[in-house]
Amino acid sequence: MIQESTPYPPFVSNIPFMVKHKVPALEYLSSCQKLHKLRLHGRIEKLPLSDLFPNSITMMVLFHSKLLEDPMPTLGMLPNLRKLELEAAYEGKEITCNDNNFCQLEFLRLEALPKVERWHLATSAMPRIKGLCIYDCPKLNKIPERLKDVEMLKRALIG
């Protein structure tokens with residue numbers, strides 16, 4: 001467990017972050033310029049703006065974050081993000097991936113998002129996606145048409 005006051009030196013490349021209730025403020029991440037992997041386990045009231053995340057992040061896992069705002073517009077602006085996993089991370093009904101977002105993303109896992117009904121994917125979003133895992137998203141009745149040919153590594157319990 002990481003204490004809120006614990007600063008990380010700029011050479012840290014992997015932060016596993018597990019807390020029982022609520023993740024502390026994430027603004028300190030901007031000083032971790034060599035951070036590649038970030039796993040956050042716990043409630044997050046709101047994601048910081050994308051420019052507060054280091055550009056070096058290539059993998060992110062949000063677990064039980066229970067975000068109220070769609071995280072995709074913020075996470076989609078991380079320029080080197082190649083793998084994203086969202087498990088019980090969002091409480092909303094829609095996810096939106098805007099144009100020119102997720103430019104490097106290769107793998108996406110959406111799991112335990114019981115309220116998500118719609119997924120909007122702009123034409124130029126996720127141009128390099130190779131793998132997709134959707135599990136326990138019972139109200140998500142369809143995936144964007146452009147992703148129909150992406151390898152479905154796991155697809156269960158969606159509409």
Side-chain angles (χ1 to χ4, degrees), residues 14-19 21-27 29-30 35-159:
N14 186 358
I15 298 179
F17 203 138
M18 297 182 73
V19 285
H21 302 290
K22 190 171 107 176
V23 173
L26 300 173
E27 283 72 25
L29 289 174
S30 63
L35 180 65
H36 294 284
K37 298 177 181 179
L38 180 62
R39 293 177 183 92
L40 300 173
H41 182 169
R43 184 159 178 76
I44 300 172
E45 290 195 8
K46 186 175 180 181
L47 282 178
L49 298 174
S50 62
D51 58 351
L52 290 178
F53 286 102
N55 286 339
S56 57
I57 292 180
T58 59
M59 187 206 75
M60 184 179 293
V61 177
L62 298 180
F63 184 72
H64 283 274
S65 304
K66 302 196 182 291
L67 290 161
L68 299 176
E69 289 182 28
D70 182 2
M72 301 306 250
T74 298
L75 300 177
M77 296 181 70
L78 299 176
N80 294 302
L81 189 64
R82 291 194 307 260
K83 181 178 181 182
L84 176 62
E85 299 183 20
L86 303 176
E87 184 174 339
Y90 175 50
E91 300 278 304
K93 292 183 177 184
E94 294 186 11
I95 55 175
T96 300
C97 303
N98 297 316
D99 272 321
N100 301 312
N101 276 194
F102 295 107
C103 294
Q104 300 296 321
L105 194 71
E106 296 176 356
F107 178 78
L108 175 64
R109 182 169 69 97
L110 303 174
E111 184 171 336
L113 303 174
K115 295 179 183 177
V116 172
E117 298 173 0
R118 290 174 297 286
W119 181 1
H120 305 283
L121 183 69
T123 307
S124 65
M126 296 186 191
R128 296 179 184 216
I129 193 81
K130 295 177 185 171
L132 183 60
C133 174
I134 301 173
Y135 183 77
D136 195 14
C137 299
K139 291 185 179 179
L140 183 62
N141 291 321
K142 66 179 194 170
I143 63 172
E145 190 66 35
R146 197 166 52 79
L147 296 180
K148 299 251 188 235
D149 294 330
V150 171
E151 182 179 0
M152 291 296 287
L153 302 176
K154 184 187 242 182
R155 184 176 180 177
L157 296 176
I158 80 165

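Interatomic distance, OG of S65 versus CZ of R43, reported as 9.5 Å (0.5 Å rounding). Going from atom CG of L108 over to atom CD1 of I134 covers 7.5 Å, rounded to the nearest 0.5 Å. To the nearest 0.5 angstrom, L47 atom CG is 5.5 Å from I44 atom CD1. Distance check, rounded to the nearest 0.5 Å: CG of N101 to OG of S50 gives 8.5 Å.
N98 approaches A125 most closely through the heavy-atom pair O-CB, 3.3 Å. Taking each heavy atom of M60 and L75 in turn, the nearest pair found is SD-CD2, 3.5 Å. Among all heavy-atom pairs drawn from P48 and T74, the shortest one is O-CG2, 3.3 Å. Nearest heavy atoms, N100 versus C103: O-SG, 3.2 Å. When all heavy atoms of T96 and D70 are compared, the closest pair comes out as N-OD2, 2.7 Å. Closest approach of P138 to P114, counting heavy atoms only: CD-CA, 3.9 Å.
Within 6.0 Å of the CZ atom in R146, the count of heavy atoms belonging to other residues, nucleotides or ligands exceeds 12.
Not one N or O on the side chain of H64 forms a donor-acceptor pair closer than 3.5 Å with the backbone of E87.
Looking at K83 and E106, no side-chain N of the basic residue comes within less than 4.0 Å of a carboxylate O on the acidic one, giving no salt bridge. Salt-bridge annotation for K115 and E117: absent, with no side-chain N of the basic residue lying under 4.0 Å from a carboxylate O of the acidic one.
The closest side-chain heavy-atom distance from L62 to L67 is below 4.5 Å. Using a 4.5 Å cut-off on side-chain heavy atoms (C-beta onward), I129 and L147 make contact. At least one side-chain heavy atom of M126 sits under 4.5 Å from a side-chain heavy atom of L121. You'll find the side chain of F107 stays beyond 4.5 Å of the side chain of L132, heavy atoms only. The shortest distance between side-chain heavy atoms of Y90 and L110 does not fall below 4.5 Å. Residues V150 and K130 form no side-chain contact, since every pair of their non-hydrogen atoms from C-beta on lies 4.5 Å or further apart.
Between the side chains of H120 and E94, a donor-acceptor pair is found at a separation under 3.5 Å. Looking at S124 and D99, their side chains do bring a donor and an acceptor atom within 3.5 Å of each other.
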Discussion item. Walk me through whether L35 and F53 qualify under side chain to side chain contact (heavy atoms under 4.5 Å, CB included).
Written reply: CA-CA 9 Å; L35 180 65; F53 286 102; over 6 Å; no

